[in-house]
Protein chains: 2
Amino acid sequence: MTSSRSIGGGAFTGAAPIFAALGDRTRLKIVARLCGAGPLSIARLTEGGKVSRQAVTKHLQALERVGLARSSRIGRERLWELKARRLAEARHYLKEISTGWDAAIDRLRAHVELDED
Amino acid sequence: MTSSRSIGGGAFTGAAPIFAALGDRTRLKIVARLCGAGPLSIARLTEGGKVSRQAVTKHLQALERVGLARSSRIGRERLWELKARRLAEARHYLKEISTGWDAAIDRLRAHVELDED
DNA sequence: CTCATATGCAACCCCCGAGTTGCACTTAAT
DNA sequence: ATTAAGTGCAACTCGGGGGTTGCATATGAG
């Protein structure tokens with residue numbers, strides 16, 4: 001219920017943290033992997049990547065801070081998964097913002113007319 | 001033509017710089033203002049905000065680096081505007097990623113079933 | 001010409017993000 | 001009981017991001 005048609009205002013800037021969380025290659029890869037597979041342990045997420053396990057852990061915690069991921073210890077390993085709730089929320093933000101951009105894009109295209117861009 | 005169904009892979013991480021560029025409140029506000037109005041001078045963009053003119057300039061240059069904005073000097077002022085091309089590209093990224101999330105969200109929801117989240 | 005505007009440049013500051021390494025600890029496995 | 005796997009913690013390095021201030025410069029206004 002928070003916000004709806006707030007693009008032109010400035011209140012939607014709350015999405016900044018989410019963008020920031022996605023503004024890193026390593027993190028984006030992790031999100032992608034968690035998107036494709038079920039809950040994964042830190043060790044699994046570290047495999048393949050080129051950063052240390054600690055780095056991966058930090059990224060996961062970063063995602064947790066913005067509410068995009070959660071974890072739970074099972075035996076000796078900690079399993080991480082994305083949070084549907086927040087993910088849907090983020091998806092909503094993206095959609096809303098890109099919708100706002102549509103108008104801007106049209107306006108810009110009209111403004112430059114024949115010009116390249 | 002670059003990428004299309006690349007969510008599950010890892011090549012789409014090229015979107016990271018764009019997310020990073022949007023991962024800052026101040027910059028997000030600037031983008032919003034440029035979205036709503038036509039080309040604006042640095043002075044205009046500085047009005048209202050709480051950061052110095054130099055800060056605004058730096059943010060604009062940051063947006064320029066990722067190709068989201070461009071500028072041109074007119075008389076004694078420099079007018080900034082968003083680049084429709086890149087903006088549309090970013091919009092595409094957002095759409096694609098959020099589409100990829102849809103599947104993940106469904107899977108997550110199914111996985112936790114009755115659970116909260 | 002003179003003054004106020006709108007910027008550009010450069011030097012600095014402070015803090016945090018990304019990544020690493022070393023060591024301790026807990027929990028399978030054998 | 002031993003060993004190996006999977007983490008957690010803490011200390012540290014490096015570099016760049018976000019902001020600021022001061023000064024120089026170009027240009028519209030009177």
Side-chain angles (χ1 to χ4, degrees), chain A residues 10 13-34 37-82 90, chain B residues 10 13-34 37-82 90:
Chain A
T13 50
I18 295 183
F19 278 124
L22 299 175
D24 179 274
R25 288 184 129 75
T26 306
R27 228 138 48 206
L28 220 40
K29 286 183 188 173
I30 291 178
V31 169
R33 294 192 57 178
L34 289 178
L40 295 175
S41 71
I42 299 177
R44 298 273 168 68
L45 286 170
T46 301
E47 291 174 8
K50 303 180 180 179
V51 287
S52 75
R53 172 179 57 89
Q54 282 307 315
V56 173
T57 294
K58 286 192 176 180
H59 282 301
L60 287 168
Q61 296 174 334
L63 291 174
E64 183 178 41
R65 261 175 250 134
V66 294
L68 280 175
R70 65 173 345 182
S71 71
S72 55
R73 270 204 100 153
I74 301 292
R76 68 181 166 187
E77 55 188 358
R78 175 172 295 276
L79 300 181
W80 286 85
E81 62 182 343
L82 295 178
Chain B
T13 51
I18 296 184
F19 279 127
L22 299 174
D24 179 273
R25 289 188 129 74
T26 307
R27 228 139 47 205
L28 219 42
K29 286 183 187 173
I30 292 178
V31 169
R33 294 193 57 178
L34 289 178
L40 294 176
S41 71
I42 299 175
R44 298 272 167 70
L45 286 171
T46 301
E47 289 174 11
K50 303 179 179 178
V51 288
S52 76
R53 172 178 59 87
Q54 281 307 315
V56 173
T57 294
K58 286 193 178 181
H59 282 301
L60 288 168
Q61 295 174 335
L63 291 173
E64 183 178 40
R65 260 175 252 134
V66 294
L68 281 174
R70 65 171 349 179
S71 71
S72 55
R73 270 203 98 155
I74 301 292
R76 67 181 165 185
E77 57 187 358
R78 176 173 294 275
L79 300 181
W80 286 85
E81 62 182 344
L82 295 177

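A note on names: the letters A, B, ... follow the listed sequences, proteins ahead of strands, and every chain is numbered from 1.
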List the protein contact pattern of nucleotides 21-30 of chain D with one symbol per nucleotide (5' to 3'): B for base contact, S for sugar-phosphate-only contact, - for none; contact means a heavy-atom distance under 4.0 Å. B-----BB--

Determine the minimum heavy-atom distance between A:P17 and A:T13, stating which atoms define it. CD-O, 4.1 Å

Please list residues of residues 41-48 of chain B whose heavy atoms come under 4.0 Å from any atom in DNA chain C, ordered by number; otherwise none. B:S41, B:I42, B:A43

Find the distance [X]:[atom1] to [N]:[atom2] and express it as a whole number of Å.
X     : N      : atom1 : atom2 : value
B:L28 : D:dG17 : CG    : C1'   : 16 Å
A:E77 : C:dA28 : CD    : P     : 9 Å
B:L22 : D:dG17 : CG    : P     : 15 Å
A:L79 : D:dA5  : CG    : C1'   : 14 Å
A:R78 : D:dA5  : CZ    : C1'   : 16 Å
A:L40 : D:dG6  : CG    : P     : 13 Å

Excluding sequence neighbours, so at least two apart, what forms side chain to side chain donor-acceptor pair (under 3.5 Å) with B:T57? none

Just jot down the side chain to side chain donor-acceptor pair (under 3.5 Å) partners of A:S71, sequence neighbours excluded, or say none. A:R78

Among residues two or more places apart or on two chains, list those pairs meeting side-chain hydrogen bond (donor to acceptor under 3.5 Å, both in side chains) that have a residue in residues 41-55 of chain B. none

Pull out every protein N or O sitting under 3.5 Å from an N or O of nucleotides 12-14 of chain D, one pair per line with the distance.
none

Holding to side-chain contact (heavy atoms from CB on, under 4.5 Å), I want the full list of residues that pass it with B:A16, two or more places apart in sequence or in another chain. A:R25, A:L28

side-chain contact (heavy atoms from CB on, under 4.5 Å) involving B:R76 - partner list, sequence neighbours excluded: none

Could you give the distance from CG (B:L79) to CZ (B:R73), rounded to the nearest 0.5 Å? 10.5 Å

If you round to the nearest 0.5 Å, how far is CZ of A:F19 from CD1 of B:I18? 10.0 Å

Return no unless some side-chain N or O of B:T26 is found under 4.0 Å from OP1 or OP2 of D:dG19. yes

Those residues of residues 59-69 of chain B lying under 4.0 Å from DNA chain D by at least one heavy atom: B:H59

Counting any heavy atom closer than 4.0 Å, what does B:R25 reach on the DNA or RNA strands: base, sugar-phosphate only, or nothing? nothing

Please set out all donor-acceptor pairs under 3.5 angstrom arising from side-chain atoms of residues 58-69 of chain A, sequence neighbours excluded.
from	atom 1	to	atom 2	distance (Å)
A:H59	ND1	A:R27	NH1	3.2

Tell me, do B:L40 and B:I30 make a side-chain contact under 4.5 Å, heavy atoms counted? no

To the nearest 10 degrees, the angle between the two end axes of the helix from C:dC1-D:dG30 to C:dT30-D:dA1 (five pairs per end) comes to 30°

